[in-house]
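Since the structure comes first, as structure tokens, the remarks are kept for the end.
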Number of protein chains: 2
Amino acid sequence: MSPTATVPSYGCTCARLRKLARRVTRIYDAHLAPQAIKVTQYSLLANAARGERTVSEFAAELEMDRSTLSRNLAPLAAHGWVSISVGADPRNRSIGVTTAGRRKLKAALPLWRKAQCEVESILGTAGVGELHRRIEAALAALPTTSGKRT
Amino acid sequence: MSPTATVPSYGCTCARLRKLARRVTRIYDAHLAPQAIKVTQYSLLANAARGERTVSEFAAELEMDRSTLSRNLAPLAAHGWVSISVGADPRNRSIGVTTAGRRKLKAALPLWRKAQCEVESILGTAGVGELHRRIEAALAALPTTSGKRT
DNA sequence: AGCATATGCGTGTAATTACACCTATATGCG
DNA sequence: CGCATATAGGTGTAATTACACGCATATGCT
């Protein structure tokens, strides 16, 4: 095998990533503001619209802590955009989208599209493509969980 | 000029970026845990160690809201790692690192290094290099602020 | 000198994130 | 059946993030 690096060759990948995430999030949020929804919420809503799931399943897909997802769903439920109903196993909560939620999604979609297009046009199609490729490669390779946490 | 995209070609760049940020943050945090410091705090501390600055200057460099920085500095100050002193202009706060802060940095550096090296070895030197290149390109091209907010 | 404005920073509010831990329910084994 | 354990979810606590706004101080103009 090739010599594994024992000394970092770049700056803090995490810090750079987080900085970019802040910047990009601001762009999307600015575009979505007229619909009074944030990109995090929009993503959650769009994801929920792909079918009913339990909190755990949902959290696993997003690779988000269950408790984080619970908390993030609360404002969406408060707006009446998602439904949280008890499943067959009463321990389960089935997360779904309401009619109002679908309406919201429909209204916000063009705003999200504008944000996404702005980013794509600024970075160039090739640039965004390569960025996405790198992100996906990292998501495919990096461990999902760093601790124990069954 | 080339035809500007009017329809998005990729998924939500923001969501993918945030997902990766979550994952990477968990990795760094897990490595830094023995020193009871999170990667966000470590970054802040390392950045502060580069010289005294006002909150606004600091926030501008990190492209972080001033209020966000204020809040993030609070726990570091509570630990005695950073000093927040009133400047010549009493409106200013000068942010600096304390001796304890430098000690903390020194103790945490090898842990950060391990995290960074782990990421680099998993993604490969070339992979991380390309990821960084894409991040830097995006940071260079994308607008810093999306709203007004002088 | 005095007031309008600009600047610097914090607070209020709210959402995002995660770990540790608790509760409730289900399941498996004697 | 009854109890140990596993599973699903939420709470407590704390940090990260940002917008709107407020307070204090400085600066500029008359």
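So that the names make sense, note that chain A is the first sequence line, chain B the second, and so on, each numbered from 1.
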With distance as the sole test, does [X] use its side chain to make a donor-acceptor pair with the main-chain N or O of [Y] at under 3.5 Å?
X	Y	answer
B/R66	B/M64	no
A/R102	A/V97	yes
A/H79	A/P75	yes

**Asked** Any Lys/Arg nitrogen of B/R133 or B/E130 sitting under 4.0 Å from an Asp/Glu carboxylate oxygen of the other?
**Response**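 Yes.
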**Request:** Using a strict cut-off of less than 4.0 Å between a Lys/Arg side-chain nitrogen and an Asp/Glu carboxylate oxygen, indicate whether A/E63 and B/R22 qualify as a salt bridge.
**Result:**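 Between B/R22 and A/E63 there is no salt bridge, as every charged N stays at least 4.0 Å from the carboxylate O atoms.
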Over how many whole Å does the gap from [X] atom [atom1] to [N] atom [atom2] extend?
X	N	atom1	atom2	result
A/F58	D/dG9	CZ	C1'	15 Å
B/R66	D/dG22	CZ	P	15 Å
B/E57	C/dT7	CD	C1'	13 Å
B/R93	D/dC23	CZ	P	16 Å

**Message:** What's B/T54 touching, base or sugar-phosphate or nothing? Going by heavy atoms closer than 4.0 Å.
**Reply:**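 Answer is sugar-phosphate: B/T54 comes under 4.0 Å of backbone atoms only.
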For nucleotides 13-17 of chain C, which of its nitrogen or oxygen atoms have a protein nitrogen or oxygen under 3.5 Å away, and what is each distance?
{"unit_1": "C/dT13", "atom_1": "O4", "unit_2": "B/R71", "atom_2": "NH1", "d": "3.2"}
{"unit_1": "C/dT13", "atom_1": "O4", "unit_2": "B/R71", "atom_2": "NH2", "d": "3.4"}
{"unit_1": "C/dT16", "atom_1": "OP1", "unit_2": "A/T40", "atom_2": "OG1", "d": "2.4"}
{"unit_1": "C/dT16", "atom_1": "O3'", "unit_2": "B/R18", "atom_2": "NH2", "d": "2.9"}
{"unit_1": "C/dT17", "atom_1": "OP1", "unit_2": "B/R18", "atom_2": "NE", "d": "3.4"}
{"unit_1": "C/dT17", "atom_1": "OP1", "unit_2": "B/R18", "atom_2": "NH2", "d": "3.0"}
{"unit_1": "C/dT17", "atom_1": "OP1", "unit_2": "B/R22", "atom_2": "NH1", "d": "3.3"}
{"unit_1": "C/dT17", "atom_1": "OP2", "unit_2": "A/N72", "atom_2": "ND2", "d": "3.0"}

**Request:** Answer yes or no: is there a side-chain heavy-atom contact under 4.5 Å between A/L20 and B/R134?
**Result:** no
**Message:** My understanding is that a pair needs two contacts under 3.5 Å, Watson-Crick or G-U wobble. By that rule, which nucleotide pairs with C/dG30?
**Reply:** D/dC1
**Message:** Below the 4.0 Å mark, does D/dG9 have OP1 or OP2 next to a side-chain nitrogen or oxygen of A/N92?
**Reply:** yes
